[in-house]
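Just so you know, these numbers use all the heavy atoms, side chains as well, and skip hydrogens, waters and symmetry mates. Chain naming here is simple, since letters A, B, ... match the order of the sequence lines and numbering starts at 1 in each. What you see is a predicted model, and the numbers here were worked out from it, not measured in a lab.
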Amino acid sequence: MHAIRSKTLLSPNVTRFVVEAPRIAEIRKPGQFVIVRLGPGAERIPLTIADADPAAGTITLVIQAVGKSTHDLVDLDPGDAIRDIAGPLGRPTELLPAGHAVCVGGGVGTAVVFPIAQALAAAGVRVTSVIGGRSKEWVIFADELRGTGDVVVCTDDGSAGRKGFVTQALAELCEGGGIDEVYAVGPVPMMRACAELTRPYGIKTTVSLNSIMVDGTGMCGGCRVGIGDTSQYACVDGPEFDGHAVDFDLLIDRLTTYREFEQDALARRSQPGQCLEGDR
Amino acid sequence: MAQQPHLTTKQRMAIDRQPMPAQAAELRSINFEEVNLGFTEQLAILEAQRCLQCKKPKCVAGCPVSVDIPKFINLVAAGDLRGAAQSLLHDNALPCVTGRVCPQEIQCEQVCLRGRPMRGEPGTPVAIGHLERFVADWAAAHPDLVAPPKPEPTGRRVAIIGSGPGGLTAAGELARLGHDVTVFEAFHASGGVLLYGIPEFRLPKDIVQQEVDRLVRQGVTIEHNTIVGRTYTLPELRERFDAVFVAVGAGLPVFMNVPGENLKGVYAANEYLTRVNLMGAHRPDADTPVLRGRRVAVVGGGNVAMDAVRTAKRLGADEATIVYRRSRTELPARAEEVHHAEEEGVQFQFLTAPVEVVGDDHGWVAGLACVRMELGEPDDSGRRRPVAIPGSEFVVPADMVVVAIGTRANPLLTQTSPDLTINRWGYIEADADGRTSIPGVFAGGDIVRGAATVILAMGDGKRAATAIDAYLRGPG
Ligand SMILES: Cc1cc2nc3c(=O)[nH]c(=O)nc-3n(C[C@H](O)[C@H](O)[C@H](O)COP(=O)(O)OP(=O)(O)OC[C@H]3O[C@@H](n4cnc5c(N)ncnc54)[C@H](O)[C@@H]3O)c2cc1C
Ligand SMILES: Cc1cc2nc3c(=O)[nH]c(=O)nc-3n(C[C@H](O)[C@H](O)[C@H](O)COP(=O)(O)OP(=O)(O)OC[C@H]3O[C@@H](n4cnc5c(N)ncnc54)[C@H](O)[C@@H]3O)c2cc1C
Ligand code: SF4
Ligand code: SF4
Ligand code: FES
């Protein structure tokens, strides 16, 4: 059991939890994730470790409520507990040793990019973060990222920072030169656009792939992604990969595998009382 | 002591093998309840009376852990079930499991004297597995009658990595010897393949849970959600504990390496079975989904393939087909499983090998393109090597494909333990007692042998426990 210490609403559907997980807090590295299971009958869902406090024995999870499981999770309150948290999983980020890195975060991906920016800054790398959201209230982790370097905020409607997409800001930075690596985490179309944008400049671009997972240890093969000519497992070989080698079409397509089940589960969730009728 | 009812050999020979009561095929192929219903006491006693109580029992030599078969069967024949249970549990830590899943027809029952043809009549071996299951289920229903005495604590601490049959057996033996045992398990629940691989209809999950509960009552601690190689490394655990037993299974799925394998609707058997057995995807109240193919092709011929194809049938497939590159006689699955699958309406495409998974315009499986094979010269395994017949390509219609062609070693643990010697396939090198290249670290089960069997993993766990006990009590 992992008690929830605190809960904060960061944007209309993004919640931050600080959760007890002492061992993971002690050894986790940027880029790693956990697999969380709420309780009996619940799914195992992968979530990035956004931050950790080894002294307090806690980790930070930032969750975007998209379907049944993530909605169930964000309904918890401080004092409640999460039954299972396994990790840390995945390979830690390969950090640029020196130079100038751009960290691009879209939506909840900003929380995933934050520990990377933090580690880069701690190692003396110059960090510029480019983060975005639909409008002001969807932009998260701006203050935290300001502690790691410059931050460019972009919103679709211009209600905060610049008006436009993160890719426009990234294009200008690339054009300006002197960028050694780009770390881009967010919706798949955003990561793909970032990778396409940096390709002509030959700037190494690392993306974090959110394929569907079960065990997170390489056992099931469900999280396989296309990297160059090979199939790799996002849970053990990743989740971060060279964005220029990723088969994004395949990733997008495989993410739709359970769409009907997901829509159904979400619909039943919003009709309490009749949820299981007809199934039995 | 038990009174043996007086039966002559002739009388024993006159009794026919008692059939295992089972759910009707039409009924069971649409539910997940156990197929075999188990012997009644009456059937068990009758079957036990068939045993000739051989002076030199061949059956014992056929069992990888040398269960004293004539002894427990004799006690059943005499109606002394408690005695039978104590005898069986002394030799075998998980008889509820092995009675159900051992490939008896190539082990104890293959060499049973009663299986030999006599006077022109074909023989039928004593149903050792079914009797073992009967006695084990009786023992599980009467736990207080068979509980082992509480040992004197030794103060020595042993870590077991993995809660499959190998790990559970070692944990039980070591706890019985008074050691303080902690099991580390990657998943949120215990049992290894017994839990997430072998389906409910062959091995009900409450049986596995009973065995785990028994260990916990014996004082074994289980730490779930702990992935050794990630949460801790083996060297870290070696420092915290006086000895370690590694039984993490094989674990990595092997794919066919043909085009189309990443289409939606292609599962590795590990994923398909885990979604159903561990995550309960077949139950309406579970959140984890699983695809329900109408026409399911399962590639492979082992127990894993049979389990996948019969699961697909139960999840509503109209057609569930085994695609196997050799012929029926080479099928590595347990005979009983093949027989049950046939009864349940599973189809078989023998001498057939996949060449491509065909997709539709939306990225879903639309068929499995295959080629016919013929058997050529024998290969290293002594089985005749299948060779493709040119021009014989055809498509098995399918909207789902499950790949069950084997597993490889999971490198998570070994990668983070540089002093641990592994072979070129990534399996851990260990001697007959499980000793590895690191003093105090032992290993057994599938991570040493490659994909093998439950009883071999249990045998490894038992031998390693004896060796660990000697190591802990030894000088230094
Ligand atoms: C390594 C890794 C790290 C992750 N880190 C975070 C994180 O820090 N915060 C966070 O909010 N989410 C994160 N995710 C995504 C998160 O796991 C999924 O959003 C979650 O599993 C969806 O579960 P659900 O039942 O709520 O939604 P579902 O009902 O399963 O899905 C609802 C919608 O989300 C889409 N979806 C399903 N699975 C995923 C997925 N794995 N990634 C993206 N979209 C998906 C579906 O296509 C569907 O449109 C991460 C995923 C991975 C693989
Ligand atoms: C579907 C299927 C059907 C089968 N049917 C039969 C049958 O009928 N009869 C038969 O005899 N055999 C059968 N087998 C084979 C048999 O199940 C295995 O040989 C046996 O389970 C191996 O036992 P084990 O203890 O070595 O490992 P496993 O049972 O594989 O257990 C290993 C455990 O270790 C855990 N683990 C893995 N890595 C780590 C890590 N890094 N840290 C912590 N924990 C870890 C795993 O989660 C798992 O719980 C079948 C196998 C499958 C997959
Ligand atoms: S453990 Fe397996 S091989 Fe040994 S007697 Fe029992 S069923 Fe037969
Ligand atoms: S070989 Fe068969 S008949 Fe002989 S003791 Fe064993 S089970 Fe009984
Ligand atoms: S999640 Fe199962 S192999 Fe990656």
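- Within a 6.0 Å radius of CD in A/E94, other residues, nucleotides and ligands contribute 12 heavy atoms or fewer.
- The contact between B/L412 and chain A is made entirely by side chain atoms (from C-beta outward), counting heavy-atom distances below 4.5 Å.
- Across B/T226, B/D287, B/I227, the residue that shares the most heavy-atom pairs under 4.5 angstrom with chain A is B/D287.
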Exercise. Between B/V290 and A/Y258, is a side chain to side chain contact (heavy atoms under 4.5 Å, CB included) present by the stated rule, with each step listed?
Worked result: CA-CA 8 Å; B/V290 70; A/Y258 299 102; 5.6 Å; no
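- Of the two parts of B/Y272, neither the backbone nor the side chain holds a non-hydrogen atom closer than 4.5 Å to a non-hydrogen atom of chain A.
- Ranked by non-hydrogen atom pairs under 4.5 Å with chain A, the options B/A189, B/G265, B/P253 are led by B/P253.
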For this session: Would you please test B/F187 and A/M219 for side chain to side chain contact (heavy atoms under 4.5 Å, CB included) and show each step?
Result: CA-CA 11 Å; B/F187 266 128; A/M219 187 278 274; 3.5 Å; yes
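- For the pair A/R23 and B/E236, the salt-bridge criterion is met [side-chain N within less than 4.0 Å of a carboxylate O].
- With chain B as partner, the option from A/V34, A/I45, A/I27 having the largest number of non-hydrogen pairs under 4.5 angstrom is A/I27.
- Looking at B/H188, the atoms closer than 4.5 Å to chain A (heavy atoms on both sides) sit in the backbone and in the side chain alike.
- Per-residue heavy-atom pair counts under 4.5 Å with chain A were compared for B/L278, B/L263, B/V266, and the maximum is reached by B/V266.
- Listed options B/R408, B/H362, B/R275 were ranked by heavy-atom pairs under 4.5 angstrom with chain A; first place goes to B/R275.
- For A/K29, the NZ atom sits in a loose shell: 12 or fewer heavy atoms of surrounding residues, nucleotides or ligands are nearer than 6.0 Å.
- The part of A/I212 that comes within reach of chain B is its side chain, from C-beta onward, which places non-hydrogen atoms under 4.5 angstrom from that chain.
- By number of non-hydrogen pairs under 4.5 angstrom with chain B, the leading residue of A/K68, A/R44, A/E262 is A/R44.
- Taking all atoms of both residues into account, the shortest heavy-atom contact from A/C220 to B/A268 is O-CB, 3.5 Å.
- For B/E223, the CD atom sits in a packed shell: over 12 heavy atoms of surrounding residues, nucleotides or ligands are nearer than 6.0 Å.
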Exercise. Would B/T274 and A/D215 satisfy side chain to side chain contact (heavy atoms under 4.5 Å, CB included), going step by step from the backbone distance to the final call?
Worked result: CA-CA 9 Å; B/T274 300; A/D215 57 304; 6.0 Å; no
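- Other residues, nucleotides and ligands contribute over 12 non-hydrogen atoms within 6.0 Å of the CG atom of B/D318.
- Of the listed residues (A/G90, A/S231, A/A265), the one with the most heavy-atom contacts under 4.5 Å to chain B is A/G90.
- Using a 4.5 Å cut-off between heavy atoms, B/N262 touches chain A through backbone and side chain atoms alike.
- Neither the backbone nor the side chain of A/I35 comes within less than 4.5 Å of any heavy atom of chain B.
- Among the candidates A/V225, A/L89, A/D253, the residue making the largest number of heavy-atom pairs closer than 4.5 Å to chain B is A/D253.
- When all heavy atoms of A/T257 and B/W364 are compared, the pair lying nearest together is O-CH2, 3.3 Å.
- Looking at A/I24, neither its backbone nor its side chain comes within 4.5 Å of chain B, counting heavy atoms on both sides.
- Of all the listed residues (A/E26, A/Q32, A/R254), the one sharing the greatest number of non-hydrogen pairs under 4.5 Å with chain B is A/R254.
- Contacts with chain A were tallied for B/A286, B/G251, B/P411, B/G280; B/G251 has the most, counting heavy-atom pairs under 4.5 Å.
- Per-residue heavy-atom pair counts under 4.5 Å with chain A were compared for B/N410, B/T407, B/L273, and the maximum is reached by B/N410.
- Residue contact with chain B, scored on non-hydrogen atoms closer than 4.5 Å, involves the side chain of A/D72 exclusively.
- Residue-environment remark: CZ (A/R91) stays at or below the threshold of 12 foreign heavy atoms within 6.0 Å.
- Contact of A/R28 with chain B is not made at all, since no heavy-atom distance falls under 4.5 Å.
- In this structure, chain A has heavy atoms under 4.5 Å from both the backbone and the side chain of B/T231.
- B/N225 places no side-chain N or O within 3.5 Å of a backbone atom of A/D84 that could act as its donor or acceptor partner.
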